[in-house]
Amino acid sequence: MGGPPALFVDHLENGHTNGCLLKSQDTSVQIGDRSFVIGGSHEENPLFLGVQIHDKITNKWYVSSPTVLGTGPMPCKAYSAIVLKQGRILVIKKDSASDDSIWFLEVDSPFVREQRKLLGKEVVAWSKGVRGNAEKPIVISGPSGVGKGTLITMLMKEFPSMFGFSVSHTTRSPRCMENNGVHYHFTDKTVMEKEINDGKFLEFASVHGNLYGTSIESVEVVTDSGKRCILDIDVQGARSVKASSLDAMFIFVCPPSMKELEDRLRARGTETEEQIQKRLRNAEAEIRAGKSSGIFGHILYNDNLEECYKSLKDLLGINDDAPVNGLEVEGINLPKEHTATKMEDKILIQETGEATKNNMIVLDLSSINGGAPGRTRGIGLDTVNSS
Ligand SMILES: Nc1ncnc2c1ncn2[C@@H]1O[C@H](COP(=O)(O)OP(=O)(O)OP(=O)(O)O)[C@@H](O)[C@H]1O
Ligand SMILES: Nc1nc2c(ncn2[C@@H]2O[C@H](COP(=O)(O)O)[C@@H](O)[C@H]2O)c(=O)[nH]1
């Protein structure tokens with residue numbers, strides 16, 4: 001984005017900071033002692049909308065743009081920006097596609113504060129606004145070899161358009177039947193560590209001697225396709241997700257016995273004897289944590305596979321009559337030219353310009369949930385004729 005134009009500073013110094021359009025395509029909002037200027041393109045990724053911060057007390061711009069977490073919106077002609085509670089800014093893109101019009105920029109939400117502490121730098125996070133209440137993502141954990149992957153494969157095969165798998169990153173080598181980008185994103189430790197440091201991961205953990213992690217993008221890709229996202233991750237990762245705002249359902253899968261777990265791991269034939277021993281040692285601690293940590297709302301025993309699969313479907317509220325198709329992703333169509341006004345938890349969007357039909361769109365934000373990393377769900381939408 002380069003240095004901010006003097007025009008910005010003038011406007012900020014003159015106090016025209018709350019939702020006021022600075023240039024045809026730039027908007028600034030003030031939260032506490034800081035102004036957030038939204039516009040142009042991001043310093044490191046020109047495909048994304050830029051964000052810069054101005055400190056009112058020192059009257060100085062932050063030297064570099066904040067680290068941006070999550071996939072942000074692409075730049076467009078103009079934006080409205082409205083300050084919400086909990087350090088969030090609602091960003092409405094003008095003249096954009098219906099699946100790309102509503103975004104939330106978190107500048108001081110609990111997630112952003114935690115990430116700022118963790119990464120030791122200034123951070124903001126984007127999440128796209130989604131209409132209605134999509135079903136919660138599902139986190140499935142359990143010791144290696146218990147059958148998580150088998151159960152997930154069965155679910156995805158039976159309901160291909162209802163569920164989508166969050167493809168994790170890992171530093172372990174691929175097994176012979178595994179494909180990059182399908183089973184995992186296979187990567188190098190140094191590359192993955194850099195990406196973790198850049199805030200690209202929702203969670204990560206060292207598991208059985210390798211690094212594994214769920215990128216924010218992996219979850220977003222599934223959510224955007226309208227499918228319910230499934231994460232197959234270990235207990236440490238589940239703990240991190242529980243602490244995030246993903247608002248997921250947590251399921252732990254137990255083996256019928258340690259002997260059976262060992263037999264399954266051996267029969268799978270994918271690990272060396274040394275790796276099997278390591279996985280079995282870790283399994284005991286994982287099962288203890290799975291049962292007692294309070295992370296998991298549901299525990300399944302995978303003894304008989306068909307019975308366990310049926311219990312999983314019951315838990316997820318699907319049975320043989322369930323629709324095979326996933327949810328339609330409903331867009332939010334906004335007039336090209338409009339003004340946006342906040343009234344408590346509602347945003348009134350009034351069409352302007354010559355072709356106005358006196359239609360007002362009301363965005364109801366009273367039930368929004370989720371947020372960065374991922375999507376902000378639960379936006380209500382109403383159209384009112386104001387003539
Ligand atoms: N109920 C079951 N009875 C017998 N064998 C099973 C059962 N469930 C799964 N298996 C077998 O156990 C092996 C391990 O299953 P799977 O690979 O799904 O485990 P996982 O929990 O995903 O392991 P990891 O965490 O290492 O990825 C596979 O060979 C699978 O076919
Ligand atoms: N914390 C995370 N754990 C993950 C992730 N992806 C997989 N896993 C867990 O690792 C073990 C081993 O998997 P394997 O494929 O090597 O057998 C297993 O328990 C998975 O649940 C992740 O992204 N984050």
Side-chain angles (χ1 to χ4, degrees), residues 137-157 165-187 192 195-196 200-219 222 229-244 246 248 250-272 275-287 289-290 295-296 300-312 373:
I138 305 155
V139 170
I140 301 191
S141 293
S144 175
V146 73
K148 303 177 297 293
T150 307
L151 290 163
I152 293 169
T153 305
M154 289 166 85
L155 203 58
M156 306 244 309
K157 204 166 162 199
F165 185 60
S166 153
V167 180
S168 293
H169 283 60
T170 183
T171 59
R172 85 151 161 75
S173 312
R175 295 173 186 148
C176 59
M177 298 301 282
E178 286 179 331
N179 297 320
N180 192 27
V182 177
H183 299 94
Y184 279 105
H185 298 289
F186 295 99
T187 181
M192 189 160 165
E195 289 180 348
I196 289 171
K200 298 222 178 319
F201 282 81
L202 168 63
E203 63 77 29
F204 59 90
S206 172
V207 191
H208 317 312
N210 284 297
L211 200 51
Y212 293 76
T214 309
S215 72
I216 296 172
E217 192 180 352
S218 294
V219 177
V222 178
C229 185
I230 304 181
L231 286 76
D232 173 348
I233 59 177
D234 86 317
V235 174
Q236 308 166 75
R239 186 173 284 116
S240 304
V241 174
K242 184 99 176 180
S244 81
L246 195 69
F250 292 81
I251 301 172
F252 189 80
V253 187
C254 281
S257 67
M258 288 305 288
K259 168 80 176 63
E260 175 66 19
L261 186 69
E262 182 168 351
D263 290 349
R264 285 183 195 171
L265 267 179
R266 277 190 208 294
R268 189 169 72 182
T270 48
E271 270 72 34
T272 63
Q275 285 161 349
I276 290 175
Q277 292 305 330
K278 188 185 257 182
R279 286 177 181 236
L280 287 173
R281 277 196 304 277
N282 293 341
E284 305 210 359
E286 281 199 83
I287 294 170
I295 300 171
F296 299 93
L300 291 178
Y301 283 85
N302 184 16
D303 188 352
N304 177 293
L305 183 60
E306 287 307 324
E307 282 173 19
C308 184
Y309 180 55
K310 161 110 185 30
S311 305
L312 175 62

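Atoms within each ligand, like the ligands themselves, are counted from 1 in listed order. Computed from a predicted model, the values in this text were never measured in an experiment.
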Look at [atom] and say which protein heavy atom is nearest, naming residue and atom and giving the distance to 0.1 Å.
atom                    : result
atom 26 (O) of ligand 1 : Ser144 OG, 2.6 Å
atom 22 (O) of ligand 1 : Gly149 N, 2.8 Å
atom 18 (O) of ligand 1 : Thr150 OG1, 2.5 Å
atom 11 (C) of ligand 2 : Val207 CG1, 3.8 Å
atom 14 (C) of ligand 1 : Gly145 O, 3.5 Å
atom 8 (N) of ligand 1  : Asn302 ND2, 3.1 Å
atom 25 (O) of ligand 1 : Lys148 NZ, 2.6 Å
atom 5 (N) of ligand 1  : Arg264 NE, 3.6 Å

Decide whether the shortest distance between a heavy atom of [X] and an atom of ligand 2 is less than 4.0 Å.
X      : answer
His183 : no
Arg279 : yes
Glu203 : yes
Tyr184 : yes

Taking only heavy atoms of [X] into account, list the atoms of ligand 2 that are under 4.0 Å away from them.
X      : answer
Ala205 : 1 (N)
Gly237 : 1 (N)
Arg172 : 14 (P), 15 (O), 16 (O)
Asp232 : 4 (C), 5 (C), 6 (N), 7 (C), 8 (N), 20 (C), 21 (O)
Lys148 : 19 (O), 21 (O)
Thr214 : 23 (O)

message: One residue to check: His185. Relative to ligand 2, which of side chain, backbone, both or neither has a non-hydrogen atom less than 4.0 Å away?
response: neither
- prompt: Looking only at heavy atoms, is any part of Asp234 under 4.0 Å from ligand 2, and if so is it the side chain, the backbone, or both, or is it neither?
  reply: both
Just distances here: any N/O of [X] and N/O of ligand 1 closer than 3.5 Å?
X      : answer
Asn304 : no
Asp303 : yes
Gly147 : yes
Asp232 : no

- prompt: Of the choices His208, Glu260, Arg268, which has the non-hydrogen atom that lies closest to atom 28 (C) of ligand 1?
  reply: Arg268
query: CG of Leu202 to OG of Ser218: how many Å apart, nearest 0.5 Å?
result: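 Here the rounded value is 9.5 Å.
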field: CZ on Phe250 to CD1 on Ile140, rounded to 0.5 Å
entry: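 Reported to 0.5 Å precision, the distance equals 12.0 Å.
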message: Please check if the number of heavy atoms outside Lys200 that lie under 6.0 Å from its NZ is greater than 12.
response: no
query: Does atom NZ of Lys242 have more than 12 heavy-atom neighbours from other groups under 6.0 Å away?
result: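 Yes - once you tally the heavy atoms of other residues, nucleotides and ligands closer than 6.0 Å, there are more than 12.
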Atom of Arg264, atom of Asn302 and distance for their closest heavy-atom approach: NH2-O, 2.9 Å
- request: Please name the pair of heavy atoms, one in Pro143 and one in Phe252, separated by the smallest distance, quoted to 0.1 Å.
  value: CD-CZ, 3.9 Å
Just by modelled atom types, is the [Y] backbone N or O under 3.5 Å from a matching donor or acceptor in the [X] side chain?
X      : Y      : answer
Gln236 : Ser206 : yes
Asp303 : Pro256 : no
Gln275 : Thr272 : yes
Thr214 : Ile233 : no

query: What's the verdict on salt bridge (charged side-chain N to carboxylate O under 4.0 Å, His left out) for Glu262 and Arg279, showing C-alpha distance, side-chain angles and the deciding distance?
result: CA-CA 9 Å; Glu262 182 168 351; Arg279 286 177 181 236; over 6 Å; no
message: Using a 4.0 Å cut-off to any heavy atom of Arg279, which atoms of ligand 1 qualify?
response: 26 (O)
task: For the pair Glu307 and Lys310, find out whether any cationic side-chain nitrogen is under 4.0 Å from an anionic carboxylate oxygen.
output: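 Salt bridge absent between Glu307 and Lys310.
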Without hydrogens or angle criteria, can the side chains of [X] and [Y] be said to hold a donor-acceptor pair below 3.5 Å?
X      : Y      : result
Thr270 : Arg268 : yes
Asn180 : His185 : no
Glu306 : Asn304 : no

task: Please check if the distance between the ring centroids of His169 and Phe204 is under 6.0 Å.
output: no
- prompt: Would Glu178 and Arg175 count as a side-chain contact (heavy atoms from CB on, under 4.5 Å) if you check the C-alpha gap in whole Å, the side-chain angles of each, and the deciding distance to 0.1 Å?
  reply: CA-CA 5 Å; Glu178 286 179 331; Arg175 295 173 186 148; 3.5 Å; yes
- prompt: Hey, does Glu286 come in under 3.5 Å of ligand 2, counting only N/O atoms on both sides?
  reply: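 Glu286 vs ligand 2: no N/O contact under 3.5 Å.
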Sub-3.5 Å N/O-N/O distance, Ser168 and ligand 2: yes
message: Tell me the contacting part of Pro143 for ligand 1: side chain, backbone, both, or neither, using a 4.0 Å heavy-atom threshold, strictly below.
response: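 For Pro143, the contact with ligand 1 is made by the backbone alone.
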